[in-house]
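Shown next, in structure tokens, is the structure this report addresses.
Here the structure is a predicted model, which means the values were calculated and not measured. Hydrogens, waters and symmetry mates play no part in the numbers below; they use all other heavy atoms, side chains included.
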Amino acid sequence: MKIRHLDYDAPESKQHEQEGLPLLEVEVTHQPSLITLAKTFAVLLGLLSVVMGGVYLVAPESHVITDGLLSNAFWLAFAVGLGAQVIDGALGMAYGITATTFLLGSGVPPAAASASVHLAEVFTTGFSGFSHWRFGNINKALFYRLVIPGVIGGVLGAYVVTSFDGDVLKPYISAYLLLMGLYILSKAFRAIKTRKEAPKHIAPLALTGGFVDSVGGGGWGPVVTTSLVGTGQDPRTTIGSVNAAEFFLSLAGATAFAVMGSVFSNWPLIAGLVVGGLFAAPLAAWLCHHLPTKSLLIVVGLLISGLSAINLAKALI
């Protein structure tokens, strides 16, 4: 995930607004040319080469970082981060639940999967929240009503997922992700009736969103953003406020996971998620322009539901 420069005028964003979905970014709605895509990938590869070269020059005898970057865990997380960010860029949500679903399916323990996703999101949600604040996209009253219960829910969720054996929790988390996949799928087939009254029950919504986000590795956007936008609230300030609050949720969750010992040993997963996400914007733009929103919702909903059902079956057998 990264800074969100939302496009309020694009037809795709207006369609999202009508369907109660987060708006899309400028980088997604304005499809880049093939030359631009090639330049983007070349710059990213160059930056990665510089970083790896710098690491080698600073610590040529240390193999910890190079071994981590060449490990299966890093490249698995790279692929997961790439796919999850493509989906998030094309839909405006579902990064966390997509990444966690794939990580669980690849054998990563629930606590490690959620911790890796949350630490990776600390950097990106921080830039995103700052960007929204700079452009005046934050409703301060809504932000304060979201952030405190959201943080409390996130810390409680981190405590739960690190306090129980991963094999015990995996069926429940897979079932939750299955329901979230079905929820995303349902949005492709039902119209949302917008209402203009002030949002109610913000604290319980944020508490629930923060808790399931930490336990399941994602869900803050699908639970909180779509619920508020779907009630007719202003998409610009709602998305800005929810994204700004998500930084504090991710920071609190990552800190809780770190204190409970579920972060630093998984740095190849975190690095893979971050690096993989860097390459996603051009692919998300292509996907957004070649598939309508309804089709994307169906594909993502079926993908998450199907993988979660397989994970659930494996966990129960």
Side-chain angles (χ1 to χ4, degrees), residues 1-2 41 44-89 94-124 161-162 165-171 173-174 177 181 216-218 250 253-254 257-258 260-284 300 303-304 306-315 317:
M1 296 176 71
K2 51 184 175 17
F41 285 122
L44 290 173
L45 288 173
L47 289 174
L48 291 178
S49 300
V50 169
V51 170
M52 294 184 68
V55 169
Y56 179 77
L57 291 175
V58 172
E61 302 300 327
S62 175
H63 298 288
V64 175
I65 295 179
T66 54
D67 289 346
L69 295 178
L70 296 176
S71 66
N72 291 334
F74 173 83
W75 290 106
L76 166 66
F78 177 92
V80 170
L82 176 64
Q85 187 59 59
V86 166
I87 290 173
D88 185 88
Y95 174 88
I97 57 178
T98 303
T100 304
T101 299
F102 276 99
L103 290 175
L104 288 179
S106 302
V108 178
S114 184
S116 300
V117 170
H118 278 84
L119 190 55
E121 287 184 320
V122 167
F123 304 98
T124 56
V161 80
T162 55
D165 184 79
D167 292 334
V168 175
L169 284 177
K170 193 169 183 178
I173 296 176
S174 297
L177 293 171
S250 298
F257 280 118
M260 298 169 193
S262 296
V263 171
F264 298 111
S265 60
N266 302 304
W267 75 264
L269 289 176
I270 300 165
L273 290 172
V274 174
V275 175
L278 295 176
F279 291 85
L283 298 176
V300 174
L303 181 64
I304 293 175
L307 289 174
S308 298
I310 294 173
N311 292 340
L312 179 60
K314 289 180 178 179
I317 294 177

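- Ala120 approaches Leu273 most closely through the heavy-atom pair CB-CB, 4.1 Å.
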Can you give the donor-acceptor pairs under 3.5 Å from side chains of residues 106-115 to other protein atoms, not counting sequence neighbours?
| residue | atom | partner | partner atom | Å |
| --- | --- | --- | --- | --- |
| Ser106 | OG | Phe102 | O | 3.0 |
| Ser114 | OG | His118 | ND1 | 3.4 |
| Ser114 | OG | Ser214 | O | 2.5 |

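- Closest of all the heavy-atom pairs between Ser174 and Ser308 is O-CB, 3.5 Å.
- Within the 4.5 Å cutoff, the side chain of Leu177 has heavy atoms near those of the Leu104 side chain.
- The line from CD1 of Ile270 to CZ of Phe74 is 12.0 Å long, rounded to the nearest 0.5 Å.
- Taking CG of Leu312 as the reference point, atom CD1 of Ile173 lies at 11.5 Å (rounded to 0.5 Å).
- Once rounded to the nearest 0.5 Å, the distance linking CG of Leu103 with CG of Leu269 reads 6.5 Å.
- Taken from CD1 in Ile304 to OG1 in Thr100, the straight-line distance is 9.5 Å, to the nearest 0.5 Å.
- Side-chain contact between Phe257 and Val117 is absent, with no heavy-atom pair separated by less than 4.5 Å.
- Taking every heavy atom of both residues into account, Pro268 and Ala77 meet most closely at O-CB, 4.2 Å.
- Annotation for Ser250 and Val122: closest pair O-CG2, 3.5 Å, computed over non-hydrogen atoms.
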